[in-house]
2 protein chains.
Amino acid sequence: MKLSQASDYAFRAVLYLAKQGVGNRVDAQTISEVENIPKRFLLKTFRKLAQTDIIESYRGKYGGYALAKDPADVTLLDVVEAVEGPIEVNRCLVEPEACNKQGADTCRIHHALYDVRETITDKLKEYTFAKLLAE
Amino acid sequence: MKLSQASDYAFRAVLYLAKQGVGNRVDAQTISEVENIPKRFLLKTFRKLAQTDIIESYRGKYGGYALAKDPADVTLLDVVEAVEGPIEVNRCLVEPEACNKQGADTCRIHHALYDVRETITDKLKEYTFAKLLAE
DNA sequence: TTTAAATTATACTGGATTAGTATACTTATG
DNA sequence: CATAAGTATACTAATCCAGTATAATTTAAA
């Protein structure tokens, strides 16, 4: 049970942008070098963050990326969901037809895993980038 | 971020054995049918649970499997770890050399993810099979 | 002592996912 | 209009996942 490498890179890259302040743009090359992230991979990951309005992208010469929101309004969960989709924990939580006992109501394991998922998302929500900057 | 299907099957199969009571053996065929789990896959998964002493296996005619411990002493975490290994969250938590900033001490993301991992394992520990049976 | 019914050991397979790379294109600035 | 940035799309090698196959071993009972 693991987050993807893309999420990890995204955490570090967004934290880097947060350090620069909202709206201050930096190009991918620089972030890639400073944070030690493969550049093309970072570009691909950044596109997802831009599509979900966590960061803004600027094309053309002197283009780059900048944090789009107040760091207090961006959490680790926002980044994970943007990069790798929702936290699933178990396929029966997402595809009811995959639940071998169907009844979400009657399956005790299902209940427990639902609780686990909520615990994970709550914890990831606790970590805003404002908090990460402040530490 | 997901648990494997094998873990899910294992949860349901162990709960089934817990229902039978400690030491009461049932054969894989039966469990496979009742819980709707591919038999060969279940056999493979059960071997891991037997190796970690969560269940006992009995070979030969009238063989089968039985819970090896008090259900109060078996948790979802025990089963997950037996079946798919430790909860990792992030590769930098496991392989320090993969941490692009090295310093676990100085990396804020690292700290946060460590906290996330602990939260997950604590929650999975909360669910003993005694508790799951009681609900 | 043979037979049947069970687990064990090992290995294979197809498909999906992951991590990363490549190529061609578009956009903005000076 | 040249240059330096991001965008779109697609490719690839490696790994993991879910499930299957085959042969061997063990045990109980007839």
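Residue numbers start from 1 in every chain, and the chains themselves are labelled A, B, ... in the order their sequence lines are given, proteins ahead of strands.
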Is [X] reaching over with its side chain to a backbone N or O of [Y], donor-acceptor style, under 3.5 angstrom?
{"X": "A/T30", "Y": "A/V26", "answer": "no"}
{"X": "A/E118", "Y": "A/Y114", "answer": "no"}
{"X": "A/T121", "Y": "A/R117", "answer": "yes"}

Select base, sugar-phosphate, or nothing to describe what A/A50 touches, counting heavy atoms under 4.0 Å on all strands. nothing

Check whether any side-chain heavy atom of B/D8 lies under 4.5 Å from a side-chain heavy atom of B/L3, and answer yes or no. no

Residues which pass side-chain hydrogen bond (donor to acceptor under 3.5 Å, both in side chains) with B/Y58, listed by chain and number, not counting sequence neighbours: B/E56

Just how far, in rounded Å, is [atom2] of [N] from [atom1] of [X]?
{"X": "B/Q5", "N": "C/dG15", "atom1": "CD", "atom2": "P", "answer": "18 Å"}
{"X": "B/K2", "N": "C/dT18", "atom1": "NZ", "atom2": "C1'", "answer": "13 Å"}
{"X": "A/M1", "N": "D/dC16", "atom1": "CE", "atom2": "P", "answer": "17 Å"}
{"X": "A/E84", "N": "C/dG20", "atom1": "CD", "atom2": "C1'", "answer": "17 Å"}
{"X": "A/I37", "N": "C/dT21", "atom1": "CD1", "atom2": "P", "answer": "13 Å"}
{"X": "B/D27", "N": "C/dA4", "atom1": "CG", "atom2": "P", "answer": "18 Å"}

Does a salt bridge link B/R12 with B/E35, judged by any charged N lying under 4.0 Å from a carboxylate O? no

Polar pairs (N or O, both sides) under 3.5 Å between protein and nucleotides 27-30 of chain D?
residue, atom, partner, partner atom, Å
D/dT27, O2, B/K61, N, 2.9

Expected output is a numbered-order residue list: members of residues 39-48 of chain B with a heavy atom under 4.0 Å from any atom of DNA chain C. What is it? B/L43, B/R47

Side-chain polar contacts of residues 75-83 of chain B - donor-acceptor pairs under 3.5 angstrom, sequence neighbours left out - could you list them?
residue, atom, partner, partner atom, Å
B/T75, OG1, B/L77, N, 3.2
B/T75, OG1, B/D78, N, 3.1
B/T75, OG1, B/D78, OD2, 3.2
B/D78, OD2, B/T75, N, 2.9

Got a list of side-chain donor-acceptor pairs under 3.5 Å for residues 59-72 of chain B, not counting sequence neighbours?
residue, atom, partner, partner atom, Å
B/D70, OD1, B/A72, N, 2.8

Any side-chain N or O of A/Y9 below 4.0 angstrom from OP1/OP2 of C/dG20? yes

Within the pair B/S57 and C/dT8, is there a side-chain N or O less than 4.0 Å away from OP1 or OP2? yes

What donor-acceptor contacts under 3.5 angstrom involve side-chain atoms of residues 126-133 of chain A, with partners at least two apart or in another chain?
residue, atom, partner, partner atom, Å
A/E126, OE1, A/K123, NZ, 3.2
A/Y127, OH, B/D115, OD2, 2.6
A/T128, OG1, A/A130, N, 3.4
A/T128, OG1, A/K131, N, 3.0

